[in-house]
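These notes concern the structure reproduced below.
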Amino acid sequence: MFMSTRSGVISTLVELVRKTLNHDPLVFVNSGLVVVGLITSLRSAANVLYTYAENICLSTVHVRAEDPLYEDVVRWMNDHAFRGRNFLSVLAQTNNNSDKPLRCPVQLDPDRLISYRESEDNSFLELKPFRGSRLFRFRQTWMLFSHAANGPGCFGPPQLDTNPPLKLQCLSISLSPIKKFLDEVRAYGRKVSVSNVTIYRTTSFSPDVVRWSSVASRLSRDISTVILDKQKKQTILRDINEYLHPHTRQWYANHGIPYRRGYLFSGPPGTGKTSLASAIAGVFGLDIYVLSLLDPSMTESHFSRLFSEVPTRCVVLLEDVDAAGLNRGDTEPGEDFIQRSTKTNTSVSLSGLLNAIDGVSSQEGRILIMTTNAPQQLDRALIRPGRVDVHIKFELPSREELQDLFLSMYSEVHQNPQFSPDEQKTEAARLTEQAVRFAECLPEKQFSIADIQGFLLQHKRRPEDACSQVESWVEEMDFEE
Ligand SMILES: Nc1ncnc2c1ncn2[C@@H]1O[C@H](COP(=O)(O)OP(=O)(O)OP(=O)(O)O)[C@@H](O)[C@H]1O
């Protein structure tokens, strides 16, 4: 009964369409089926052809997200192949890294507060091509750049926080066109970031996936702005200079010694350990890879993998190594000390740390800098030669260092280009005299440079105020302690 009603409705509908269009509707249905079939067959044929071509005449190079090359390729594509082209799917981001100085609406007047809401903002909106495939031409060769959204077969919004690898392809039986492209990309990356230091930190994408990601690219700190005993500064610079020299690498290889060098920077907080590490990276044109043993997402296997994934020449900065509490504890003679650790604040064991530093998979050519406030708490195994080759002790500043800090803070005062050379000389002499006075008002080896810098920052442009108020600041600080 129900069946006969339904077939009745269908035949009425077919009759209606036939009368309206003057054609048999089944012809449309059949034609539609043929078109769909054709499209499906063409797509499968294209897929087969593509796979075939990929195997025999398409060169393909994959670039993993954690490799520094990834950033270089993306930067090159944005600055060249994507420039001036319209894209419908882009990643919008606020770029705060502009080096352009903020134009100030009015002259600085200490008694007049300025609201910047209405003023020019030096951050800008960047729209970057994000995911998808783009065909572009590099030196007469067509190349395909692909940046997948999600894994194959996934629907939904793209995962913005995970970076799948990049794919570069070109129609060639040799990899040489892509290799040339990558050489160009690297050279461009070096040119753009010549005076910058890129800082990489670990990012946890999931409990199993912890990767290096670049978190900042900054103008490198001038080594002369780091206040440290000249002898110590020279020692470390000479040592690193010699270590990085290509002949040294060969020397290590000839003598069968693993090509690695480690430095320990110890001293009270705020004395310049991290500042020196970043200035060193700037001097030698290296990037910094920061690792923390206290990172809750850091397991022992992540730690050793990340250590082995850093590039050949870079600074690996392991900050506050003492804070992890890694040491062997009190051991009986002959006891396997590495297994017996005292209570720690990290899931990386002492043996895991030692293995990462100089195990077989540890990267050669890198510079390891460990910083600590309490070197006496470090296990001897961690700081033995081979793991720590040079120990630089940072101290609270001496009188001479206090003067250096003062002069470095107010260097623009006498270098003012509006002064004649004679005026500059007079100003320089006055500043030196103020620096001596300032340093005499401060007790030696009591405050850290960070403390004193904090005070000087309150008088950025007025060295005479810093001189006249430093005594009361010392009294205040003594009282607080
Ligand atoms: N020796 C120094 N020369 C120049 N600036 C310094 C020096 N020491 C500290 N500072 C200033 O103090 C601040 C903190 O310095 P930094 O982070 O390098 O100290 P640190 O010794 O690494 O401290 P912590 O042990 O707490 O990590 C920075 O702004 C830095 O400019």
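Just follow the structure's listing: the first ligand is 1, and inside any ligand the first atom is 1. Heavy atoms only: backbone and side chains are in, while hydrogens, waters and symmetry mates are out. All of these numbers come straight from a predicted model, not from anything done at the bench.
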Does a side-chain N-to-carboxylate-O contact under 4.0 Å join Glu395 and Lys445? yes
Run the salt-bridge test on Arg384 and Asp358 with the 4.0 Å N-O cut-off and return the result as yes or no. yes
Kindly indicate whether the side chain of Tyr252, heavy atoms from C-beta on, has any atom under 4.5 Å from the side chain of Tyr243. yes
Side chain to side chain, Trp251 and Ile257, heavy atoms closer than 4.5 Å: yes
Residue pairs involving residues 306-316 (criterion side chain to side chain donor-acceptor pair (under 3.5 Å); sequence neighbours excluded): Arg305-Glu309
Should one rank Val226, Thr274, Asp404 by closest heavy-atom distance to atom 17 (O) of ligand 1, which comes out on top? Thr274
How close does the nearest protein non-hydrogen atom get to [atom], and which residue and atom is it?
atom	answer
atom 9 (C) of ligand 1	Gly270 O, 3.2 Å
atom 11 (C) of ligand 1	Gln453 OE1, 3.3 Å
atom 13 (C) of ligand 1	Ala450 CB, 4.0 Å
atom 21 (O) of ligand 1	Lys273 NZ, 2.7 Å

Mark the output for Leu228 as yes if a heavy-atom distance to ligand 1 is under 4.0 Å, and as no if none is. no
Is a side-chain donor-acceptor pair under 3.5 Å present for Asn373 with Ser266? no
I need the contact type for Arg221 against ligand 1. Using non-hydrogen atoms and a strict under-4.0 Å cut-off, is it side chain, backbone, both or neither? side chain
Quick look: Leu405 vs ligand 1, heavy-atom contacts under 4.0 Å, and the answer is neither
Within 6.0 Å of CD in Glu471, more than 12 heavy atoms from elsewhere: no
Check each atom of ligand 1 against the heavy atoms of Ile449 and keep those under 4.0 Å away; list them by number with element. 1 (N), 2 (C), 5 (N), 6 (C), 7 (C), 8 (N), 9 (C), 10 (N)
Give the atom numbers and elements of ligand 1 that come within less than 4.0 Å of a heavy atom of Thr225. 3 (N), 4 (C)
